Amino acid sequence: MTDTSNMSAKELLGFYQEELYEEARRAKKEGKLVCWSASVAPSEFCVTMDIAMIYPETHAAGIGARKGALDVLEVADEKGYNVDTCSYARVNMGYMELLKQEALTGKTPEKLEKSPAARIPLPDLVITCNNICNTLLKWYENLAVELNIPLIIIDVPFNHTMPIPQYSKDYIAEQFKNAISQLEEICGKKFDYDKFLKVQEQTQRSVAQWNRIASLSSHKPSPLNGFDLFNYMALIVCARSRDYAEITFKKFADELEENLKNGIYAFKGNEQKRVTWEGIAVWPHLGHTFKGLKNLGNIMTGSAYPGLWNLSYTPGDMSSMAEAYTRIYINTCLDNKVKVLSDIISGGKCDGVIYHQNRSCKLMSFLNVETADILQKGNHLPYVSFDGDQTDPRNFSPAQFDTRIQALDEMMKQNKEGVSNE
Amino acid sequence: MFTMGIDIGSSSSKVVILEDGLNIIAAEVIQIGTGSTGPKRVLDEALSKSGLKLQDMAKIIATGYGRSSVEESHKQISEISCQAKGVFFLVPSAKTIIDIGGQDVKAIKLDSKGCVKQFFMNDKCAAGTGRFLDVMSRVLEVSLNEMAEYDSRATEPATVSSTCTVFAESEVISQLANGVAKENIIAGVHQSVASKACGLAYRCGVEEDIVMCGGVAKDLGVVRAISKELKKPVIVAPNPQTTAALGAAIFAFDEVIGANK
C-alpha cells in the first residue's frame with residue numbers, strides 16, 4: 001500500500017484520481033460491478049453496495065483538459081449526435097463507442113489507443129439524476145440501451161419556488177428508496193443500512209472539508225485561486241463518499257491556512273482585482289483562461305459551480321439528504337440562483353463577474369442574461385459574458401475571450417479608481 | 001507632444017497621431033488587418049504624411065484584435081475602452097455607441113464622463129459584421145461603396161437571415177435566382193445587420209445620442225436601417241474607422257500627462 005502521509009494536497013489529488021480509475025479497472029477484471037454515474041447523482045447508494053464508480057463528466061473534462069476531446073467528439077458526430085448536444089455527453093458517448101468497438105472486436109481502435117484520457121472500463125449499470133440537467137436522462141438512457149445494461153434514474157424535480165416543499169423532499173426520498181431496491185436486485189444482496197449511515201457520515205466529512213477550502217477565498221488577498229477548485233473538484237465529484245476526498249481536502253485546506261498565516265497568497269505578486277466566474281470551466285482552454293486573467297492582475301475568488309457539491313445533510317435522515325440533492329442552485333428558480341450568486345460575489349469580495357455562455361450547458365447559460373442584469377442592478381459591478389464550451393474546443397475563441405476580459409479589467413479599474421461617475 | 005494610437009483590426013489597420021491630446025495630425029487606414037503587411041504600411045503612411053518619426057511619439061498605445069502583435073506599442077488597451085474614448089472626444093453627447101467592424105459588432109453604453117458603463121458584443125458568429133457585408137457584396141457583385149446607393153432605391157426590402165452568414169449567403173443567392181431586385185436584397189442585407197446590432201444595443205439600454213463607428217458606419221444603408229430599427233437618429237462619427245485608434249492616442253496622451261493616475 002502506498003504511503004500517502006507525506007504527500008502534498010496536489011500529490012494526493014493526482015494519486016487518488018488515478019487510484020479511483022485503477023480500482024474500477026481492477027473491479028472489472030475481478031468480475032465486480034462498475035457503475036457510471038452522473039456527477040451530482042447520490043454516490044452513497046453505490047458506495048454502500050461496494051460498486052466501483054466512474055464519473056463520465058469528470059472523465060470528459062479530463063479528456064478536454066488534455067486536448068483529446070476532438071477525436072472522441074468526431075466519433076459522437078459520426079453516430080449522429082448533434083453539435084448542440086452537451087459536449088460532456090458527446091465526449092462520453094464517443095468514448096463509450098470506442099470502448100464498445102474494442103469489446104466487440106478485441107481490437108483497440110486507434111482513437112482509443114492514443115486518447116490522453118485515463119482508461120476506464122465499460123459500465124455494468126448506470127445511474128443518473130436530473131438535478132443538474134435533463135440531458136443526463138437521454139444520455140444515460142442511450143448508454144443503457146447501447147450497452148444493454150440497467151439504468152437507475154433518480155428523478156429530482158426543478159424547484160420553481162423556494163423554499164423546497166416537503167412533498168418534493170418526500171418524493172425524492174421515495175426515489176432514493178426505489179434506487180436502493182433496484183440496486184438490491186442488480187447486486188443480488190440486501191442493502192446494508194448501517195453501512196449506508198457510515199457512508200453518509202463520510203460524505204458529510206468530505207463536504208465539510210470541501211466547504212472549508214471554498215470559504216478561504218473570502219480572505220483578501222486570497223490564499224486560494226478559484227481555478228484550484230476546478231482542479232480539486234474531481235474528488236468531490238468522484239470520491240465524496242470515500243475518505244479519499246476528505247483526506248485530500250483537509251490537507252489542501254491545512255496548506256492554505258498555513259499559507260495564509262505566513263502571508264503566502266494564491267496570486268504571486270499583488271492581486272489587483274477579484275472576479276467571479278459563473279459557469280463551468282473551459283477545460284480545453286483552462287490555461288488560456290487562467291493566464292488571461294492572471295496577466296491582468298486578476299484572481300478568481302468566486303464561483304458557484306464548485307458549490308454544486310455543497311451537499312450538507314443530516315446522516316440517517318432521507319428527507320434531509322433529499323433536500324441536499326435538490327437545492328443545487330441550477331435546480332432552483334431565477335430568484336434563488338441570483339441570491340446564491342450574489343452571496344458568491346460578495347463572499348469573494350469580487351470587483352466584476354465573468355459569465356461563461358456555455359454552448360453545452362443550456363441550463364447554466366440561458367438564465368445568465370437575466371441573472372447578470374438583476375445582479376448588476378443591485379451590486380453595480382461590471383460584467384462580461386463570453387462564448388465557450390466546457391469540452392468542445394471549437395466553441396471558444398481565445399481572442400474574443402481576451403478582448404472581453406481586458407475590457408472587464410478596464411471597467412473594474414475605472415470603478416476602483418472612481419473615474420466613472422455613475 | 002505627439003502620441004499615437006494603433007488599431008489593428010481583423011480586416012483593416014488604422015493609425016492616429018495626436019498632438020497635445022487635441023489635434024489630429026494623421027489618421028490613416030489600410031484595408032488589411034492583423035497578420036498582413038497592413039500594420040506596417042499604415043504606420044509608415046501615418047509617419048510619412050505627418051513628417052514625424054516613431055521616436056517623436058511620447059507614447060504609443062495599440063488596440064484592436066491584433067493589439068498584442070504591435071511591437072511598437074508601449075501598452076495595449078481593449079477596443080471597447082478605446083472606441084468609447086475616441087467617440088466621446090468627437091461627440092461629447094454620445095451615450096450609446098454602435099461599432100461594427102470586420103468581425104465584431106459592439107454596443108457600448110457610456111456614462112456622462114464617457115466611461116464605459118456596459119457593453120455587449122456579438123458571439124462567435126460573423127452575422128451582422130463587416131465580413132458579412134463583404135460576403136454579400138461579392139455574391140451580389142456590388143461593391144461595398146455602392147451598397148448604400150442601391151439600398152436607397154429599394155422598394156420592398158427582402159428578408160435576409162441574421163442568424164448565420166453562410167445561410168444568409170445561400171438565401172441571397174436563391175433570391176437573385178428568383179429575380180428579386182438587387183436593391184431590395186441589399187436593403188434586406190442592411191436590415192439584417194441592423195437587427196443584429198440593435199439587439200445588442202437594446203441589451204445595453206439605448207440612450208441618445210447614438211453614435212456609429214467602425215468601418216461599416218461608412219455604409220449609410222446600414223446607418224439608415226439602424227436608425228429605422230431604433231426609431232432614433234444615429235450620428236456617424238467623423239472618420240468612423242479611426243475612432244478606436246484616436247481613443248488609443250488620447251489614452252496615450254492622458255497617460256503621459258498623468259491624467260489617468
Side-chain angles (χ1 to χ4, degrees), chain A residues 83-84 282 285 288 291-292 295-296 352-353 355-360 365-366 368-373 375-377 379-389 392-422, chain B residues 8-10 33-35 61-69 75-85 88 95 99 101-106 108-126 129 199-200 202-205 207 244 247-248 251 254 259-261:
Chain A
V83 290
D84 287 330
V282 186
H285 298 276
H288 185 91
K291 282 183 206 142
N295 293 342
L296 293 165
V353 188
Y355 292 90
H356 178 189
Q357 286 301 100
N358 183 348
R359 292 277 171 124
S360 274
S365 305
F366 282 173
N368 276 351
V369 172
E370 195 136 14
T371 305
D373 202 34
L375 280 168
Q376 199 193 33
K377 283 194 178 93
N379 62 24
H380 307 289
L381 294 178
Y383 69 90
V384 289
S385 60
F386 71 93
D387 259 29
D389 195 286
D392 192 333
R394 297 166 294 192
N395 291 334
F396 175 82
S397 159
Q400 287 194 349
F401 175 80
D402 293 347
T403 299
R404 282 153 177 80
I405 58 156
Q406 184 164 16
L408 175 70
D409 180 72
E410 288 157 7
M411 286 158 79
M412 292 192 293
K413 192 164 172 253
Q414 188 181 279
N415 273 7
K416 278 173 99 82
E417 291 174 353
V419 181
S420 168
N421 61 351
E422 280 163 45
Chain B
I8 307 302
S10 63
T34 188
I61 287 182
T63 186
Y65 178 61
R67 64 189 177 281
S68 53
S69 57
K75 187 180 176 176
Q76 292 92 37
I77 294 181
S78 76
E79 53 264 45
I80 292 100
S81 298
C82 288
Q83 284 293 14
K85 195 80 168 174
F88 191 74
K95 286 282 162 52
D99 165 29
Q103 65 176 18
D104 280 341
V105 187
K106 301 179 200 83
I108 307 169
K109 191 170 186 177
L110 305 182
D111 67 14
S112 54
K113 278 169 114 180
C115 293
V116 178
K117 267 176 86 176
Q118 185 57 281
F119 77 94
F120 292 105
M121 292 174 75
N122 59 317
D123 48 25
K124 207 163 170 264
C125 165
T129 65
L200 298 170
Y202 285 132
R203 279 185 67 191
C204 272
E207 212 182 324
F251 270 123
D254 286 349
N260 266 358
K261 283 189 284 289

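Protein chains get the first letters and strands the later ones, always in sequence-line order, with residue 1 at the start of each. Every value quoted in this text rests on a predicted model; they were computed, and no experiment measured them. Any value given below was found using the heavy atoms of this structure, including those in side chains, with hydrogens, waters and symmetry copies removed.
- Side-chain contact check for A:Leu375 versus A:Val353: every heavy-atom pair is 4.5 Å or farther apart.
- The pair B:Asp111-B:Lys113 does not meet the salt-bridge criterion, since no charged nitrogen lies less than 4.0 angstrom from a carboxylate oxygen.
- Heavy-atom distances place both the backbone and the side chain of A:Asp402 under 4.5 Å from chain B.
- Ring geometry, A:Phe386 versus A:His356: the interplanar angle falls under 30°, so the pair is classed parallel (tilted spans 30 to 60°).
- Residue contact with chain B, scored on non-hydrogen atoms closer than 4.5 Å, involves the backbone and the side chain of A:Tyr383 alike.
- Contacts between A:Arg404 and chain B at a heavy-atom distance below 4.5 Å involve backbone atoms as well as side-chain atoms.
- In this structure, the side chains of B:Arg67 and A:Gln406 come closer than 4.5 Å at one or more pairs of heavy atoms.
- In this structure, the portion of A:Gln376 lying under 4.5 Å from any heavy atom of chain B is its side chain and not its backbone.
- Contact record, B:Leu110 with B:Ala84: CD2-CB, 3.5 Å, taken as the closest heavy-atom pair.
- Each of A:Gln400, A:Gln357, A:His380 has some count of heavy-atom pairs under 4.5 Å with chain B, and the biggest count is that of A:Gln400.
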